[in-house]
2 protein chains.
Amino acid sequence: MLKFSKKADYALLALQYMATVQYGIEANPRVVNTKEIAEEHHIPVELLAKVLQTLAKHQLIESHHNGPKGGYALGREPKDITLAQVLEAIEGPLGLTDCCHEKDGQSQCEQMNRCNIRTPLSRIQESIFQLLNSMSIEDLLVEDTPLVIVESLKLQGVPS
Amino acid sequence: MLKFSKKADYALLALQYMATVQYGIEANPRVVNTKEIAEEHHIPVELLAKVLQTLAKHQLIESHHNGPKGGYALGREPKDITLAQVLEAIEGPLGLTDCCHEKDGQSQCEQMNRCNIRTPLSRIQESIFQLLNSMSIEDLLVEDTPLVIVESLKLQGVPS
DNA sequence: ATTTGCTCCGATAGTTTTGGTCGGAGACTT
DNA sequence: AAGTCTCCGACCAAAACTATCGGAGCAAAT
């Protein structure tokens with residue numbers, strides 16, 4: 001429940017990898033190609049390619065189609081790419097319920113008029129959204145340093 | 001993305017309804033049956049039945065199989081039923097990634113050894129979990145939001 | 001100029017999850 | 001005994017997700 005899709009996982013892995021290459025401790029700014037990332041993380045190339053395309057379309061990364069030296073690179077600094085942006089790019093608008101983003105006047109939700117849990121739920125959603133929006137790719141780089149944003153919340157043991 | 005399943009929605013609606021009946025302003029403590037809830041919210045009876053069964057199995061509600069006067073009632077006070085409990089009952093263990101709850105020694109995750117985003121992700125997950133755990137069915141009662149207000153929010157484009 | 005290796009895009013299978021349905025068994029009330 | 005309810009498991013259909021494939025275009029290397 002509340003699980004990221006694999007595409008989202010792959011996107012985060014790829015972004016983290018690119019960020020490390022470009023901004024990491026042993027920074028070696030260069031363009032990386034799909035195959036390299038895929039092999040590094042043992043994920044299917046074609047699927048990752050699609051994920052990267054999506055990210056590029058949403059301006060989160062830039063594609064350099066320069067033949068053999070082509071590939072992708074971050075479109076902005078890691079701290080300017082929030083997790084919420086990544087997730088929305090990959091999986092569409094965030095929202096706990098279907099009735100969160102209804103277009104047109106006509107609501108699809110049968111119980112619109114008698115739904116008494118929408119208000120509380122939208123609060124939860126807002127909190128999650130803020131959480132995801134307050135974390136960036138940069139936060140994926142610091143391995144064991146407590147994250148500023150989550151610090152205020154009580155944390156318990158995390159799986160190694 | 002990060003959407004509740006319909007079963008989860010139904011569960012929350014049903015719990016809210018039962019809580020209202022038992023603890024609401026015009027409290028009229030009684031046992032409610034599946035059909036009543038389903039009709040009230042326009043959701044398929046059989047599916048709701050399954051949801052309620054699951055909730056009962058997890059002790060969140062109590063089933064009273066008393067023939068024609070049978071039905072369900074909350075197993076505890078609304079404040080003692082957290083949203084996290086409900087979601088876990090309905091959808092299994094919460095977790096952003098597959099590798100969050102791996103049983104047995106053998107990890108299924110290919111990139112276990114080279115996964116550099118687990119720590120940050122598990123922090124996010126923990127935050128969300130705490131959020132869901134800090135809210136209870138009681139919190140769903142508070143806002144019996146008048147339709148008028150909801151409508152005006154809709155006009156302003158506020159996600160509802 | 002040709003080849004190579006890459007991105008890009010659309011289309012399409014395979015698989016899993018989810019939503020929704022059905023029917024029989026047991027229990028209680030009337 | 002009849003009726004109505006829960007309970008439980010099995011089942012089907014639809015949708016979403018994962019993964020794959022093929023072709024087009026582009027830029028650098030040769």
Side-chain angles (χ1 to χ4, degrees), chain A residues 1-11 13-14 18 30-39 41-73 75 87 90-93 95 97-98 108-111, chain B residues 1-11 13-14 18 30-39 41-73 75 87 90-93 95-98 108-110:
Chain A
M1 175 55 200
L2 289 181
K3 215 167 53 179
F4 287 166
S5 69
K6 288 199 176 176
K7 286 201 279 191
D9 284 342
Y10 296 163
L13 281 170
M18 289 190 278
R30 62 188 170 87
V31 167
V32 296
N33 65 36
T34 307
K35 205 164 116 188
E36 176 182 343
I37 304 178
E39 286 177 351
H41 294 284
H42 295 85
I43 55 187
V45 193
E46 297 86 356
L47 184 56
L48 177 62
K50 212 150 106 176
V51 169
L52 294 178
Q53 286 165 26
T54 306
L55 291 178
K57 194 183 300 173
H58 287 256
Q59 323 260 312
L60 298 178
I61 60 179
E62 288 171 349
S63 68
H64 296 73
H65 23 138
N66 300 339
K69 302 225 165 166
Y72 291 97
L87 292 176
I90 298 293
E91 319 204 7
T97 58
D98 287 326
Q108 316 289 17
C109 186
E110 276 294 331
Q111 45 256 9
Chain B
M1 174 54 199
L2 288 181
K3 216 167 52 181
F4 287 167
S5 70
K6 288 200 175 175
K7 286 201 278 191
D9 284 342
Y10 296 163
L13 281 170
M18 289 190 278
R30 61 187 170 88
V31 167
V32 296
N33 65 39
T34 307
K35 204 164 112 188
E36 176 182 342
I37 304 178
E39 286 177 352
H41 294 284
H42 295 84
I43 53 187
V45 192
E46 296 86 356
L47 184 56
L48 178 62
K50 211 151 106 176
V51 169
L52 294 179
Q53 285 165 27
T54 307
L55 292 178
K57 194 183 301 175
H58 288 257
Q59 324 261 310
L60 299 178
I61 60 179
E62 288 172 350
S63 69
H64 299 262
H65 26 136
N66 299 341
K69 301 224 165 165
Y72 291 98
L87 292 176
I90 298 293
E91 319 203 8
L96 291 181
T97 58
D98 287 326
Q108 316 289 18
C109 185
E110 276 296 330

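Everything numeric in this text was worked out from a predicted model, so none of it was measured. Note: hydrogens, waters and symmetry copies are ignored here, and every other heavy atom, side chains too, is used. The sequence lines fix the lettering, A, B, ..., with proteins before strands; numbering per chain opens at 1.
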About how many Å separate [atom2] of [Y] and [atom1] of [X], when rounded to the nearest 0.5 Å?
{"X": "B:Asp9", "Y": "B:His41", "atom1": "CG", "atom2": "NE2", "answer": "11.5 Å"}
{"X": "B:Leu48", "Y": "B:Lys50", "atom1": "CG", "atom2": "NZ", "answer": "12.0 Å"}
{"X": "B:Thr34", "Y": "B:Glu39", "atom1": "OG1", "atom2": "CD", "answer": "11.0 Å"}
{"X": "A:Leu52", "Y": "A:Ile37", "atom1": "CG", "atom2": "CD1", "answer": "5.0 Å"}

Rounding to an integer number of Å, can you tell me how far [X] [atom1] sits from [N] [atom2]?
{"X": "A:Glu39", "N": "C:dC6", "atom1": "CD", "atom2": "C1'", "answer": "14 Å"}
{"X": "A:Leu48", "N": "C:dC8", "atom1": "CG", "atom2": "P", "answer": "12 Å"}
{"X": "B:Lys3", "N": "C:dT17", "atom1": "NZ", "atom2": "P", "answer": "17 Å"}
{"X": "A:Ile61", "N": "C:dT7", "atom1": "CD1", "atom2": "C1'", "answer": "11 Å"}
{"X": "B:His42", "N": "C:dG20", "atom1": "NE2", "atom2": "P", "answer": "15 Å"}
{"X": "B:Leu52", "N": "D:dC5", "atom1": "CG", "atom2": "C1'", "answer": "13 Å"}
{"X": "B:Gln53", "N": "C:dA27", "atom1": "CD", "atom2": "P", "answer": "16 Å"}
{"X": "B:Glu36", "N": "D:dC5", "atom1": "CD", "atom2": "C1'", "answer": "13 Å"}

Among C:dT30, D:dA28, D:dG3, which is the nearest nucleotide to the side chain of A:Asn66? D:dA28
Side-chain contact check for A:Tyr72: nearest option of C:dC8, D:dG3, D:dA28 is C:dC8
Residue among B:Ile90, B:Ile43, B:Leu13 satisfying side-chain contact (heavy atoms from CB on, under 4.5 Å) with B:Val51: B:Ile90
Would you kindly compare A:Val45 and A:Lys69 by the position of their nearest DNA chain D nucleotide and give the one closer to the 5′ end?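 It is A:Val45, whose closest nucleotide lies nearer the 5' terminus.
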What pattern of brackets, bars and dots sums up DNA chain C from 5' to 3', given Watson-Crick or G-U wobble pairs under 3.5 Å, [ ] for crossing pairs and | for another strand? ||||||||||||||||||||||||||||||
State whether A:Thr34 places a side-chain N or O below 4.0 Å from either non-bridging phosphate oxygen (OP1 or OP2) of C:dC6. no
Close side-chain approach of B:Lys69 to B:Val31, heavy-atom, < 4.5 Å: no
For nucleotides 14-19 of chain D, tabulate all protein N/O to nucleotide N/O atom pairs closer than 3.5 Å, reporting atom names and distance.
{"from": "D:dT18", "atom 1": "OP1", "to": "A:Lys6", "atom 2": "N", "distance (Å)": "2.6"}
{"from": "D:dA19", "atom 1": "OP2", "to": "A:Tyr10", "atom 2": "OH", "distance (Å)": "3.3"}
{"from": "D:dA19", "atom 1": "N6", "to": "A:Lys50", "atom 2": "NZ", "distance (Å)": "3.0"}

Nearest heavy-atom pair of [X] and [Y]: which atoms, and what distance?
{"X": "B:Ala8", "Y": "B:Glu91", "value": "CB-OE2, 3.1 Å"}
{"X": "A:Ala49", "Y": "A:Tyr72", "value": "O-OH, 4.4 Å"}
{"X": "B:Met18", "Y": "B:Ile61", "value": "CE-CG2, 3.6 Å"}

